[in-house]
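Scroll down for the structure; my scribbles are underneath it.
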Amino acid sequence: MSDKSLFAMLLRSPWWISFLVVGIIVLAAGALLPKEYFVVGALAGFPIFVVGCIAAWKQLRAPNPAKVVEMLEAVGNMPWRTFADTLATAWGRAGYTVERINSASTPGADMRLTQGGKTTLVSAKRWKAATHGVEPLRELQAAMAAADAPAGVYVAALGQVSDNARIYARDHGIVVLQGDAVAQLLLKG
């Protein structure tokens, strides 16, 4: 789904906005359509109602924003070993088998996640960098190719990922986890 589609925007918006849009569609159907077509016009809002339900479910399950900020501050104070252990524990709770990788044998990757026969390599050492460029993503992609791993995750808990790095990640099957997404992963459980 495109990030600019109506459904994607509604999923990112507060849940009640979707229900407001459904209400407007129903009111417009009642005002503009003949009575025999009202139900058909009102049903046009059903997909948006479903999106509103999904958004409400996701937002109710999301961690408290204050806890997310607190977790990001804690991450900023963690040494690498503690951060790696915390990530491994979080992915273990999510059902992954986590294997730490010796960076000398597989440069560019720090962990191997396995679930359902699918392998994902993770690069997380530069989590405190202010700006994340393309080079660590290239290293991760090379490690993915060498390990025949179809997916990769680049963890950038703090700082910003450059536009070029974001494009490179998208084009090479690498998911970039940063900021709030890292905090939410660590808070689940």
Side-chain angles (χ1 to χ4, degrees), residues 1-13 18 47-48 50-51 54-55 57-59 61-63 65 68 71-72 75-76 78 80 83-188:
M1 173 179 353
S2 170
D3 284 344
K4 295 179 181 161
S5 72
L6 174 64
F7 294 132
M9 289 188 292
L10 288 173
L11 280 172
R12 290 190 304 266
S13 301
S18 295
I48 295 172
V50 172
V51 168
I54 293 169
W57 176 253
K58 288 172 76 176
Q59 290 167 20
R61 295 181 62 219
V68 170
M71 178 54 77
L72 287 176
V75 164
M78 287 181 188
W80 158 245
F83 180 65
D85 291 342
T86 306
L87 275 178
T89 300
W91 273 312
R93 282 191 313 254
Y96 289 92
T97 302
V98 182
E99 176 189 346
R100 298 289 265 292
I101 297 175
N102 179 353
S103 60
S105 65
T106 310
D110 302 308
M111 294 176 211
R112 178 180 288 111
L113 307 178
T114 309
Q115 186 179 48
K118 182 181 175 189
T119 300
T120 303
L121 294 185
V122 177
S123 175
K125 279 207 175 130
R126 293 174 180 89
W127 90 99
K128 286 187 178 182
T131 310
H132 301 263
V134 174
E135 191 54 37
L137 293 167
R138 283 190 181 124
E139 292 173 6
L140 176 58
Q141 199 278 326
M144 288 165 54
D148 199 28
V153 175
Y154 181 74
V155 179
L158 308 172
Q160 296 298 317
V161 176
S162 72
D163 291 339
N164 288 341
R166 195 174 309 284
I167 291 167
Y168 185 87
R170 181 196 67 211
D171 293 345
H172 291 88
I174 299 172
V175 173
V176 176
L177 265 188
Q178 66 181 96
D180 290 358
V182 174
Q184 288 180 11
L185 169 70
L186 299 179
L187 287 168
K188 282 183 183 173

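When each of Leu177, Val98, Val175, Val155 is paired with Val122, the side-chain contact (heavy atoms from CB on, under 4.5 Å) condition holds for Val155 and for no other.
Applying the side-chain contact (heavy atoms from CB on, under 4.5 Å) criterion to Ala143, with sequence neighbours excluded, gives Thr106, Ala109, Leu121. Looking at residues two or more places apart in sequence or on another chain, you find a salt bridge (Lys or Arg N to Asp or Glu O under 4.0 Å) between Arg100 and Asp85. By the side-chain contact (heavy atoms from CB on, under 4.5 Å) test, Ile48 pairs with Leu6, Phe7, Leu10, Ser18, Val21, Val22, Ile25, sequence neighbours left out. Judged as a side-chain contact (heavy atoms from CB on, under 4.5 Å), and not counting sequence neighbours, the contacts of Ala183 are Val68, Met71, Leu72. Partners of Asp180 under the salt bridge (Lys or Arg N to Asp or Glu O under 4.0 Å) rule, at least two apart in sequence or in another chain, do not exist in this structure. Under the side chain to side chain donor-acceptor pair (under 3.5 Å) criterion, Gln178 pairs with Arg166, sequence neighbours left out. Qualifying side chain to side chain donor-acceptor pair (under 3.5 Å) partners for Glu99, counting only residues two or more places apart in sequence or in other chains: Arg112. Checked against side-chain contact (heavy atoms from CB on, under 4.5 Å), Val134 has the following partners two or more places apart in sequence or in another chain: Arg138, Asn164, Ala165, Tyr168. Scanning for ring pair (Phe, Tyr, Trp, His ring centres under 6.0 Å) contacts around Trp57 gives an empty result, with sequence neighbours left out.
Taking every heavy atom of both residues into account, Gly108 and Ser123 meet most closely at O-CB, 3.3 Å. When all heavy atoms of Asp110 and Ala124 are compared, the pair lying nearest together is OD2-N, 2.6 Å. Residues Ala157 and Val75 share a closest heavy-atom pair of CB-CG1, 3.7 Å. In terms of heavy atoms, Pro150 sits closest to Thr119 at CD-O, 3.3 Å. Minimum heavy-atom separation, Leu140 to Val153: CD2-O, 3.6 Å.
Considering only heavy atoms from C-beta on, Met111 comes within 4.5 Å of Leu87 through its side chain.
Without hydrogens or angle criteria, Gln141 side chain to Gly152 main chain gives no donor-acceptor distance under 3.5 Å. Judged by distance alone, the side chain of Arg93 and the main-chain N or O of Leu186 form a donor-acceptor pair under 3.5 Å.
Pairs engaging residues 140-165 under the ring pair (Phe, Tyr, Trp, His ring centres under 6.0 Å) rule: His132-Tyr154 [sequence neighbours left out]. Applying the salt bridge (Lys or Arg N to Asp or Glu O under 4.0 Å) test to residues at least two apart or on different chains, the pairs with a partner in residues 139-164 are Arg126-Glu139.
Expressed to the nearest 0.5 Å, how far CD1 of Ile174 lies from OG1 of Thr120 amounts to 11.5 Å.
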